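In this chain, residues are counted from 1 in sequence order. Because the structure is a prediction, the values reported are computed rather than measured.
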Amino acid sequence: EACGDALLDLLDWAHRRLVWLQSHSPPAEVMATSAEAVKAALIGGGSSAQLARQLDSVQMSASLAACSIVRFVLEHGEQLPAGVLSRLLDSYDVVMLVAALL
């Protein structure tokens, strides 16, 4: 219970990352199946395209980390204050958000 506002801020961030993950499709490089397709995607494009790919990669990594954080918090739900669980289950509806990602 000592975590207080810091945990709520962390869960706010995690919720935003999960919403981003649900609303964005994986980059084309992730969906490519052959090595040649990956190589062509990496070679083609200028620096702005490369920066956009890096941004997508960082956002995807952060979103996957948010999934792990939410899983860890929910595993320890019996030790959390009622306000934190209320925000996760009522305000954010994390159960439906995670179910949509599956």
Side-chain angles (χ1 to χ4, degrees):
E1 292 184 27
C3 54
D5 291 335
L7 181 60
L8 288 176
D9 289 340
L10 178 65
L11 292 174
D12 288 341
W13 172 83
H15 176 258
R16 288 192 303 271
R17 292 289 88 208
L18 291 177
V19 168
W20 181 89
L21 187 61
Q22 184 182 13
S23 65
H24 286 78
S25 60
E29 293 87 19
V30 174
M31 300 303 293
T33 56
S34 69
E36 284 81 26
V38 172
K39 182 178 176 182
L42 291 175
I43 291 175
S47 62
S48 63
Q50 182 180 5
L51 287 176
R53 283 193 303 270
Q54 288 176 348
L55 176 64
D56 282 342
S57 175
V58 168
Q59 288 180 338
M60 184 68 73
S61 297
S63 297
L64 294 176
C67 289
S68 297
I69 290 169
V70 168
R71 181 193 60 82
F72 180 79
V73 168
L74 290 175
E75 282 180 358
H76 296 87
E78 66 275 355
Q79 300 168 357
L80 296 175
V84 173
L85 285 177
S86 173
R87 184 173 291 191
L88 277 174
L89 299 176
D90 294 335
S91 300
Y92 295 154
D93 200 11
V94 170
V95 175
M96 291 302 293
L97 184 63
V98 172
L101 291 173
L102 295 176

Determine, step by step, whether Leu97 and His15 satisfy the side-chain contact (heavy atoms from CB on, under 4.5 Å) criterion, reporting the C-alpha distance in whole Å, the side-chain angles of both residues, the deciding distance to 0.1 Å, and the verdict.
CA-CA 9 Å; Leu97 184 63; His15 176 258; 3.8 Å; yes
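Between His76 and Phe72, the ring planes are tilted. Angles from 30° to 60° get that label.
Qualifying salt bridge (Lys or Arg N to Asp or Glu O under 4.0 Å) partners for Arg71, counting only residues two or more places apart in sequence or in other chains: Glu75.
Atom CG of Leu21 and atom CG of Leu64 lie 6.0 Å apart (nearest 0.5 Å). Distance check: Gln59 CD to Gln54 CD gives 12.5 Å after rounding to the nearest 0.5 Å. The distance from atom CZ of Arg16 to atom CG of Leu11, rounded to the nearest 0.5 Å, is 11.0 Å.
Both Leu7 and Trp13 are members of a single hydrophobic cluster when ILVMFWY side chains are connected at heavy-atom separations under 4.5 Å.
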Solution key, residues 81-89 side-chain donor-acceptor pairs under 3.5 Å, sequence neighbours excluded:
residue, atom, partner, partner atom, Å
Ser86, OG, Asp90, OD2, 3.4
Arg87, NH1, Asp12, OD1, 3.1
Arg87, NH1, Asp12, OD2, 3.3

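Exactly one of Cys67, Ser23, Ser63 qualifies for a side-chain contact (heavy atoms from CB on, under 4.5 Å) with Leu18. That residue is Cys67.
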